[in-house]
Engineer: 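Sharing a structure here in structure tokens format.
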There are 2 protein chains.
Amino acid sequence: MATKTAAERREEARQAFDAYFAECPSRKLLDRLSDKWVTLVLTALSQGPRRYSDLSRRIAGVSQKMLTQTLRVLERDGLVSRTITPSVPVRVDYELTPLGQSLMPLVSAIKSWAQEHIEDVEAARRRYDAA
Amino acid sequence: MATKTAAERREEARQAFDAYFAECPSRKLLDRLSDKWVTLVLTALSQGPRRYSDLSRRIAGVSQKMLTQTLRVLERDGLVSRTITPSVPVRVDYELTPLGQSLMPLVSAIKSWAQEHIEDVEAARRRYDAA
DNA sequence: CTGAATCCTTCTTGATACTG
DNA sequence: CAGTATCAAGAAGGATTCAG
């Protein structure tokens, strides 16, 4: 059997699509922003540098694991910088980079659209659920 | 023991935060947009109405289940309308509502930032990974 | 204080089979 | 053509524990 089964062809198509998909810049950005904690961390840093423990307190629901993980990702992406002060106990400050700051207007735009249109969305939901 | 354990207090805080968090309009919007298929469907519909099978083909990697599920959510939120033509076989068209169209500039803005800055992000990643 | 490593549960999602 | 229903696999996230 030289020909491929339908399942094999579908699988190949899916993998090709996933590969293309993973490369899409807007997709990468959305994947970042959509992370539950990313926008909260960015917003918490928008007013200036914050210590790890500050962030932990300001973002009340975050676990240590997720806060650290989020900060690592943002640092790797160049959106946030990390500064260690080797005192005892050690102190670590996080701060938005210029690149990170350039992203904030977008976060604001998302916030604006949401605030302006959330009523419409919820009204639509009520209509849909009533039907 | 009238006092609560630390674990209990943490759990309460987490639940309160989650409740507040779930109510946040920008969060709701981000949760929508961040869904793997939502922006793809919106973009596919941005040029006009499309049939279910059209969407299925244009968005190569999507499964029937996820396409249907995504369309249902968007319909419920009032972003997409669904029109059934009871021919044989049946024909179903999806189209952006005005509300859905009002969201597209935001999707474009995300795309723009991503395209402009993705190089910076990837350069930052290379630096981070090299260290 | 700041974090890393592990376990364990929950949620998501894709494949498959079936329907009007 | 346009879905619905079900199930199993994998990813994500929280709690906990240990460390510099």
Side-chain angles (χ1 to χ4, degrees), chain A residues 5-18 21-22 31-32 34-38 40-41 49-76 80-95, chain B residues 4-18 21-22 31-32 34-38 40-41 44 49-76 80-95:
Chain A
T5 67
E8 282 169 343
R9 279 197 304 276
R10 233 179 300 128
E11 174 63 9
E12 275 183 22
R14 196 187 61 75
Q15 286 181 9
F17 180 83
D18 284 353
F21 193 68
D31 281 346
R32 269 293 156 279
S34 71
D35 186 281
K36 184 174 180 183
W37 304 111
V38 164
L40 288 175
V41 170
R50 292 281 181 269
R51 298 184 57 172
Y52 180 88
S53 46
D54 285 339
L55 292 173
S56 182
R57 251 174 282 110
R58 293 168 69 92
I59 309 174
V62 73
S63 65
Q64 272 191 339
K65 175 181 174 178
M66 293 317 294
L67 179 55
T68 299
Q69 183 175 307
T70 302
L71 288 167
R72 287 293 168 282
V73 166
L74 294 178
E75 189 193 357
R76 186 170 108 99
V80 163
S81 65
R82 178 168 178 262
T83 309
I84 306 177
T85 306
S87 50
V88 178
V90 68
R91 168 193 180 123
V92 180
D93 286 272
Y94 292 92
E95 185 174 12
Chain B
K4 292 161 183 156
T5 67
E8 283 170 342
R9 280 197 303 276
R10 233 179 300 128
E11 173 62 11
E12 273 184 23
R14 196 188 60 75
Q15 286 182 9
F17 180 84
D18 283 354
F21 192 69
D31 281 345
R32 269 294 157 279
S34 70
D35 186 280
K36 184 175 179 182
W37 303 111
V38 164
L40 288 174
V41 170
R50 293 280 182 270
R51 299 183 57 172
Y52 180 90
S53 47
D54 285 340
L55 292 173
S56 181
R57 251 174 281 110
R58 292 169 70 93
I59 308 174
V62 72
S63 65
Q64 270 191 337
K65 175 182 175 178
M66 293 316 295
L67 180 55
T68 298
Q69 184 174 307
T70 302
L71 288 167
R72 288 290 171 282
V73 166
L74 294 178
E75 188 193 357
R76 187 170 107 97
V80 162
S81 66
R82 178 166 178 264
T83 309
I84 305 176
T85 305
S87 50
V88 178
V90 68
R91 167 193 181 121
V92 180
D93 286 273
Y94 293 91
E95 184 174 11

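Remember, predicted model here, so these are calculated numbers, not experimental data. In what follows, chains carry the letters A, B, and so on, assigned in the order in which the sequence lines appear, proteins first and then strands, with residues in each chain numbered from 1.
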Engineer: Which residues satisfy the side chain to side chain contact (heavy atoms under 4.5 Å, CB included) test with R50(B), sequence neighbours excluded?
Structural biologist: L45(B), Q47(B), D54(B), L55(B), R58(B)
Engineer: Give the nucleotide from the list dG20(C), dG3(D), dC1(C) with an atom nearest to the side chain of Y52(B).
Structural biologist: dG3(D)
Engineer: Which residues pass the side chain to side chain donor-acceptor pair (under 3.5 Å) test with D35(A), sequence neighbours left out?
Structural biologist: none
Engineer: Given dA2(D), dT13(C), dT2(C), identify the nucleotide with an atom nearest to the side chain of R51(B).
Structural biologist: dA2(D)
Engineer: How does DNA chain C read in dot-bracket, base by base from 5' to 3', with Watson-Crick or G-U pairs under 3.5 Å and | used when the partner is on another strand?
Structural biologist: ||||||||||||||||||||
Engineer: Side chains of residues 60-73 of chain B: which donor-acceptor partners sit under 3.5 Å, not counting sequence neighbours?
Structural biologist:
| residue | atom | partner | partner atom | Å |
| --- | --- | --- | --- | --- |
| S63(B) | OG | M66(B) | N | 3.3 |
| T68(B) | OG1 | Y52(B) | OH | 3.1 |
| T68(B) | OG1 | Q64(B) | O | 3.1 |
| T70(B) | OG1 | M66(B) | O | 2.7 |
| R72(B) | NH1 | Y94(B) | OH | 3.3 |

Engineer: Any side-chain heavy-atom pair from V92(A) and T83(A) closer than 4.5 angstrom?
Structural biologist: no
Engineer: For T85(B) and S87(B), indicate whether the former's side chain and the latter's backbone hold a donor-acceptor pair under 3.5 Å.
Structural biologist: no
Engineer: Between protein and nucleotides 4-12 of chain C, what N or O pairs are separated by less than 3.5 Å?
Structural biologist:
none

Engineer: Could you pull out all residues at least two apart from R76(B) that satisfy salt bridge (Lys or Arg N to Asp or Glu O under 4.0 Å)?
Structural biologist: D129(A)
Engineer: Tell me, please, which residues at least two apart from R51(A) pass salt bridge (Lys or Arg N to Asp or Glu O under 4.0 Å).
Structural biologist: none
Engineer: Would you mind telling me which of dG3(C), dA2(D), dT13(C) lies closest to the side-chain atoms of V92(B)?
Structural biologist: dA2(D)
Engineer: Hey, which sits more toward the 5' end of DNA chain C by its nearest nucleotide, V62(B) or L71(A)?
Structural biologist: L71(A)
Engineer: Can you work out whether S53(A) or V90(B) has the more 5'-proximal nearest nucleotide on DNA chain C?
Structural biologist: S53(A)
